[in-house]
Amino acid sequence: MIRGITFSEQTFYSADFAHFQNVFLNRNSGITKGCTLVSGSDKVTINQGYFIVYGRMMNVEEAEIIDSAKFSNGYNRIVYEIDLSKENTITEFKQGYIRVLTTTDLVQQDLDAGGKVYQFPFCSFQWDGTQISNFVGEAPSIVFDNIYSQVLANYNVFKTAFENYFDTQKNALHEWVEEQEETVNGLVADLENSAGRVLGSIFFTDKVLTAADFTPDSTYDGYPYKAEITVDGITADFVSDVNFAPSEADAGLFSTVTKTDAGKIIVYAKEIPESDITIPTIECRTGNYSTKVV
C-alpha cells in the first residue's frame with residue numbers, strides 16, 4: 001500500500017513533516033534561532049528561541065529556568081529529551097521535556113528510522129551544592145548557509161546547481177593539476193640548485209594521547225580542553241592536518257581546528273577522553289618542508 005501525503009484529501013502527519021525537514025537539513029540537529037544559555041551561580045537559563053532535532057522543531061516561548069533543585073552533586077548535563085512513545089493531547093505536549101542527567105552517556109536513537117528517544121544536549125557543568133562551575137555549552141547551531149540542500153528550492157534549481165558544481169570542480173581540478181605541475185617543477189629545480197638540501201623527514205609511528213595529556217583551556221568555546229603534541233622542527237608558521245580515527249571523528253569529541261607552535265601541535269576537545277586514543281596520521285607543512293608522523 002502506498003499512502004498519499006501531499007495530495008488533496010490526504011493526511012499530512014507530523015512524522016511526515018519531520019522526515020522532510022530532516023532530509024532538507026541533511027540530518028542536522030541544532031539551534032536555529034536564539035536559545036542562548038545563561039549560567040548563574042545556582043541556575044541555568046535557556047532563553048527564547050527555536051531548535052530542531054531530527055526534523056522535530058521546538059519553540060522556547062518563554063525563558064526556561066533550570067534551578068538547583070534539579071541538580072546533583074558532581075557532573076550535571078542538561079538535555080532536551082524527545083520520547084515519541086508518549087502520547088500528546090490537544091492541551092498538553094508530553095513528547096518533549098528538559099532533563100538533568102548525571103552521566104555523559106546520551107540516548108540518541110534515530111527518530112527517522114523507528115527510534116523513540118533522543119537526548120539533545122544543551123550544556124554540562126559541575127555542581128558542588130552551592131555553585132556552578134566548569135560550565136560548557138554543548139548545543140550546536142544550524143547555519144543554513146552551510147547546508148548544501150538549503151539552496152535547492154526545487155528540482156530544476158537542484159539539477160542546475162548540481163551540474164554547475166561539477167563543472168566548477170572539474171575546472172578546479174584542471175587548475176590544481178596545472179599548479180601541482182608547476183610546484184613539482186619548482187621542487188625539482190630547488191633540488192638541482194640545492195645539492196644535499198633536506199626537504200623533509202618521515203617518522204613511522206601512531207601518536208597516542210592519554211587523559212593526562214589534556215588540560216583546561218579557554219581558546220575556543222565548546223572545547224574547554226587541549227592537548228599538546230610534541231613534533232620537533234615545526235613552528236607557528238606550519239599548518240597541521242590531524243586526522244583522527246573514524247571512531248573519534250564520528251563522535252565529534254575533537255575540534256577540526258588545530259594550532260601549531262614552536263615544537264608542538266595543539267588539539268582541542270569537548271571533554272577529556274575516557275581512554276587512550278591513537279591518532280593515525282599527523283602532517284605538518286610549510287613552504288616546501290614537510291614533517292610527517294604516520
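Being a predicted model, the structure only gives us computed values, none of them experimental. Heavy-atom basis, side chains included; hydrogens, waters and symmetry copies ignored.
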Proximity of [X] and [Y] rings by center, below 6.0 Å:
| X | Y | result |
| --- | --- | --- |
| F120 | F122 | yes |
| F51 | Y80 | yes |
| F125 | F71 | yes |
| F214 | Y225 | no |

Check the surroundings of atom [atom1] in [X]: do more than 12 heavy atoms from other residues, nucleotides or ligands lie under 6.0 Å from it?
| X | atom1 | answer |
| --- | --- | --- |
| F93 | CZ | yes |
| Y50 | OH | no |
| Q10 | CD | yes |
| D128 | CG | yes |
| E62 | CD | no |

Judged by atom type as modelled, is there a donor-acceptor pair below 3.5 Å linking the side chain of [X] to the main-chain atoms of [Y]?
| X | Y | result |
| --- | --- | --- |
| T235 | D237 | yes |
| T230 | K264 | no |
| Q119 | V107 | yes |
| N28 | I142 | no |
| T11 | Y13 | no |
| D213 | T210 | yes |
| N76 | G74 | yes |
| D83 | V117 | no |
| N22 | A18 | no |

Rounded distance (nearest 0.5 Å) linking atom [atom1] of [X] with atom [atom2] of [Y]:
| X | Y | atom1 | atom2 | value |
| --- | --- | --- | --- | --- |
| K207 | L209 | NZ | CG | 6.5 Å |
| T281 | D206 | OG1 | CG | 7.5 Å |
| S85 | K94 | OG | NZ | 12.0 Å |
| E64 | Q48 | CD | CD | 11.5 Å |
| H19 | S14 | NE2 | OG | 13.5 Å |
| C284 | F238 | SG | CZ | 7.0 Å |

State, without any angle test, whether [X] and [Y] hold a side-chain donor-acceptor pair at a distance under 3.5 Å.
| X | Y | answer |
| --- | --- | --- |
| S240 | T260 | no |
| Y118 | Q109 | no |
| N88 | Q95 | yes |

Shortest non-hydrogen contact between [X] and [Y], atoms and distance:
| X | Y | answer |
| --- | --- | --- |
| A249 | F244 | N-CB, 4.3 Å |
| I78 | V44 | CD1-CB, 3.8 Å |
| T278 | A245 | O-CB, 4.2 Å |
| G40 | I132 | O-CD1, 3.5 Å |
| G137 | C123 | CA-CB, 4.1 Å |
| Q108 | P121 | NE2-CD, 4.0 Å |

Within-4.5 Å side-chain heavy-atom neighbours: [X] and [Y]:
| X | Y | result |
| --- | --- | --- |
| L111 | L84 | yes |
| E138 | S124 | yes |
| L25 | I52 | yes |

Determine whether S72 and W127 satisfy the following criterion, side chain to side chain contact (heavy atoms under 4.5 Å, CB included), listing intermediate values before the conclusion. CA-CA 7 Å; S72 299; W127 171 251; 6.0 Å; no
Residues E81, I98; criterion side chain to side chain contact (heavy atoms under 4.5 Å, CB included); working and verdict: CA-CA 6 Å; E81 181 171 287; I98 290 289; over 6 Å; no
With the 4.5 Å side-chain cut-off for hydrophobic clustering, are [X] and [Y] part of the same group?
| X | Y | answer |
| --- | --- | --- |
| I277 | Y268 | no |
| I234 | V239 | no |
| I272 | I229 | yes |
| V136 | L253 | no |
| M58 | Y97 | no |

Please determine whether side chain to side chain contact (heavy atoms under 4.5 Å, CB included) holds for the pair T258 and D241, giving the CA-CA distance in whole Å, both sets of side-chain angles, and the decisive distance to 0.1 Å. CA-CA 8 Å; T258 60; D241 289 330; over 6 Å; no
Apply side chain to side chain contact (heavy atoms under 4.5 Å, CB included) to R77 and T103, showing your working. CA-CA 7 Å; R77 195 176 202 181; T103 174; over 6 Å; no
Salt bridge (charged side-chain N to carboxylate O under 4.0 Å, His left out), that's the test. Do R3 and D16 meet it? Break it down for me. CA-CA 11 Å; R3 177 173 63 87; D16 299 327; 2.9 Å; yes
Please step through salt bridge (charged side-chain N to carboxylate O under 4.0 Å, His left out) for the pair D110 and R27, ending with a clear verdict. CA-CA 10 Å; D110 189 340; R27 299 178 65 83; 2.9 Å; yes
